[in-house]
Chemist: 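There's a structure below that I have some questions on.
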Amino acid sequence: MCLYIVAMCLALPLTLLPQQILFRLKLINEKQLHNWAVPTAAFCSRWLMKWIPFCKLQVQHYGDIPTIDEPRIWVCNHTSLLDVFLLLAAHSQLKMNGRRMTIMYWKQLEDHLVTRIFFRQAGFIPVGMAANGHGTPNEYDKQSFKAMLVACKNALNSGCDLGILPEGQCNPTPENGLLEVFNGAFSMARKTTPIQMIAMHGAHKVWHPIDGVVGETDKVSVMVYHPARVYKDPRDFTMTFSTVVGKYGATGKNVEDLDDWLSGKAYEKVVAAEESEKKRVTNERRDVTENTQLLQDDSSKQQVEVGSQQREEPSFE
């Protein structure tokens, strides 16, 4: 695997260089520069994995792949520093129909020359965040949020897909489920753009975000879930993503009621059950209140009756 990383760090800037030269000579525009960067990097990653097969990458699709394409927001779990290279290698199998994807990334990754060259040339969108370490709460730079939101909106309006990692950082313990899932993807979707879920399993057993190269397995799987759908509210998205992607990321297997989660029926059942429970609790409280009032009324009547009897009793003095 180390040989693959070294080869990728050398090959990627070299394969991107001709496009950068064309751009600087004004033979291609910025949009063309961005459009060519990801397919070029994907080609580089895919062929290097064939020449240096450090792991077996399997891409599967659940459900029918839609024939009508429209801009989508892609969301995926994040378990390893290899994720970006693995997703690049799987790029041609994700069925994006030639649509360019703009990915949000942690700005500090620009400290590395290779990622800085690639991310900037691809037109990816940086997110300011403190370097707190994997598995610790995120601290975002609120001042950079406005520029990030504008860039995301422009990307979607221009017909690009948007890629987001809702956990915001590498998850060192995916076997325990996902980290806190942020609802930024839902906010970007604005209840109009479909959200497409991807789940990855096994990457952390190849290169762990804390322990480094571990080599516990050579199998990494990616599951693409169809159909993409528009979510009703932030909780609908975070609960569905945590359940579906969290299960696959932890075990490499799908949840039993997967179709219900993908269609939104499972979330509707959860909401209906919660509403039913709220009504039950409300009715119980009302009954308790009414019973308490009845007891108080009975007690008041008894006190009045006792007082009346005492006044009516004859005096023998």
Side-chain angles (χ1 to χ4, degrees), residues 31 34-35 37-39 42 59 61-78 83-84 87-88 90-106 119 122-127 140 144-168 178 180-200 222-246 248 258-268 271:
K31 183 177 180 180
H34 294 335
N35 287 343
V38 172
V59 180
H61 289 259
Y62 183 91
D64 297 328
I65 301 174
T67 56
I68 300 177
D69 192 30
E70 58 183 334
R72 289 167 286 176
I73 296 177
W74 296 70
V75 290
C76 183
N77 57 327
H78 191 19
D83 288 351
V84 62
L87 289 175
L88 282 172
H91 181 265
S92 62
Q93 301 178 64
L94 297 181
K95 307 299 182 183
M96 297 181 63
N97 297 330
R99 190 179 301 279
R100 179 170 75 89
M101 181 185 290
T102 301
I103 298 175
M104 296 173 59
Y105 68 94
W106 181 32
F119 289 170
F124 290 173
I125 301 171
V127 179
Y140 290 99
S144 67
F145 255 55
K146 184 177 180 179
M148 181 267 291
L149 291 172
V150 171
C152 290
K153 182 179 179 180
N154 291 339
L156 289 172
N157 290 340
S158 65
C160 294
D161 285 358
L162 188 63
I164 298 177
L165 302 173
E167 293 172 282
L178 301 182
E180 179 184 1
V181 176
F182 295 90
N183 58 24
F186 175 83
S187 300
M188 300 297 176
R190 294 168 293 175
K191 295 185 179 182
T192 57
T193 304
I195 296 178
Q196 179 85 58
M197 291 194 300
I198 311 176
M200 184 178 295
V222 176
M223 182 68 72
V224 185
Y225 294 99
H226 301 283
R229 73 175 175 93
V230 176
Y231 288 81
K232 296 180 179 180
D233 54 57
R235 188 162 171 257
D236 181 14
F237 164 69
T238 56
M239 185 176 289
T240 302
F241 184 79
S242 297
T243 302
V244 174
V245 177
Y248 192 88
L258 177 58
D259 289 328
D260 286 347
W261 280 107
L262 294 179
S263 65
K265 292 180 180 179
Y267 178 70
E268 291 175 356
V271 173

Chemist: Hey, does F182 have a side-chain heavy atom less than 4.5 Å from the side chain of P166?
Modeler: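 No. Closest side-chain heavy atoms not under 4.5 Å.
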Chemist: Less than 4.5 Å apart, side chain to side chain, heavy atoms only: is that true for T238 and E180?
Modeler: no
Chemist: If I take atom CG from residue D161 and atom CG from residue L156, how far apart are they, to the nearest 0.5 angstrom?
Modeler: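 These two atoms lie 8.0 Å from each other.
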Chemist: Does any part of the side chain of H226, heavy atoms only, come nearer than 4.5 Å to the side chain of Y62, both counted from C-beta?
Modeler: no
Chemist: Please enumerate all residues that pass side chain to side chain donor-acceptor pair (under 3.5 Å) together with T102, with sequence neighbours excluded.
Modeler: R100
Chemist: Nearest 0.5 angstrom please: C160 SG to H34 NE2, how far?
Modeler: 9.0 Å
Chemist: A quick test of your reading: do over 12 heavy atoms of other residues, nucleotides or ligands sit less than 6.0 Å from CG of D64?
Modeler: no
Chemist: D83: which residues meet the side chain to side chain donor-acceptor pair (under 3.5 Å) condition with it, sequence neighbours left out?
Modeler: H78
Chemist: Look up atom CZ in R190 and atom SG in C152, then write down how far apart they are to the nearest 0.5 Å.
Modeler: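 Reported value, rounded in 0.5 Å steps: 10.0 Å.
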Chemist: Side-chain contact, heavy-atom cut-off 4.5 Å: M148 with M188?
Modeler: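 Heavy-atom side-chain distance check passes, below 4.5 Å.
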Chemist: Starting at CE of M197, measure out to OH of Y225 and round the result to the nearest 0.5 Å.
Modeler: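 It is 7.0 Å, given to the nearest 0.5 Å.
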Chemist: Of the non-hydrogen atoms in Y231 and K191, which two are nearest, and what is the gap between them?
Modeler: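 Minimum heavy-atom separation between Y231 and K191: O-CG, 4.2 Å.
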Chemist: Within the 4.5 Å heavy-atom criterion, are E268 and D260 side-chain neighbours or not?
Modeler: no
Chemist: Measure across T193 and P71 and return the closest heavy-atom pair with its distance rounded to 0.1 Å.
Modeler: CG2-O, 3.5 Å
Chemist: CD1 of I198 to CG of N77: how many Å apart, nearest 0.5 Å?
Modeler: 9.5 Å
Chemist: Applying side chain to side chain contact (heavy atoms under 4.5 Å, CB included), can you list everything that pairs with A185, at least two apart in sequence or on another chain?
Modeler: I73, V75, I164, I195, F237
Chemist: Under the ring pair (Phe, Tyr, Trp, His ring centres under 6.0 Å) rule, collect the residues that match up with Y105, sequence neighbours excluded.
Modeler: F119
Chemist: Does any non-hydrogen side-chain atom of M101 lie less than 4.5 Å from one of L162?
Modeler: no
Chemist: Within the distance-only criterion (no hydrogens, no angle test), does the side chain of H61 pair as donor or acceptor with the backbone N or O of Q93 below 3.5 angstrom?
Modeler: yes
Chemist: To the nearest 0.5 Å, what is the distance between CD1 on I65 and CG on L94?
Modeler: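 So the CD1 of I65 and the CG of L94 are separated by 10.0 Å.
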Chemist: Which residues satisfy the side chain to side chain donor-acceptor pair (under 3.5 Å) test with K31, sequence neighbours excluded?
Modeler: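 With neighbours one apart ignored, the set is empty.
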Chemist: List the atom of V245, the atom of A199, and the distance in Å for their closest heavy-atom pair.
Modeler: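 Result for this residue pair: CG1-CB, 3.9 Å.
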Chemist: Over all heavy atoms of both residues, which pair between A90 and V59 is shortest? Give the atoms and the distance, please.
Modeler: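 Looking at all heavy atoms of both residues, the closest pair is CB-CG2, 3.5 Å.
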Chemist: Do you know which two heavy atoms are closest between A155 and S158, and how far apart they sit?
Modeler: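 Closest heavy-atom pair between A155 and S158: O-OG, 2.8 Å.
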Chemist: Which heavy-atom pair separates V224 from W74 by the least distance, and what is that distance?
Modeler: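 Heavy-atom minimum between the residues: CG1-CZ3, 4.1 Å.
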Chemist: Excluding sequence neighbours, so at least two apart, what forms salt bridge (Lys or Arg N to Asp or Glu O under 4.0 Å) with D233?
Modeler: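 Expected list: none.
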Chemist: State, with a plain yes or no, whether a side-chain heavy atom of M239 is found less than 4.5 Å away from one of Y267.
Modeler: yes
Chemist: Do R229 and P194 come close enough that some side-chain heavy atom pair is under 4.5 Å?
Modeler: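 Side chain of R229 against side chain of P194, heavy atoms only: no contact under 4.5 Å found.
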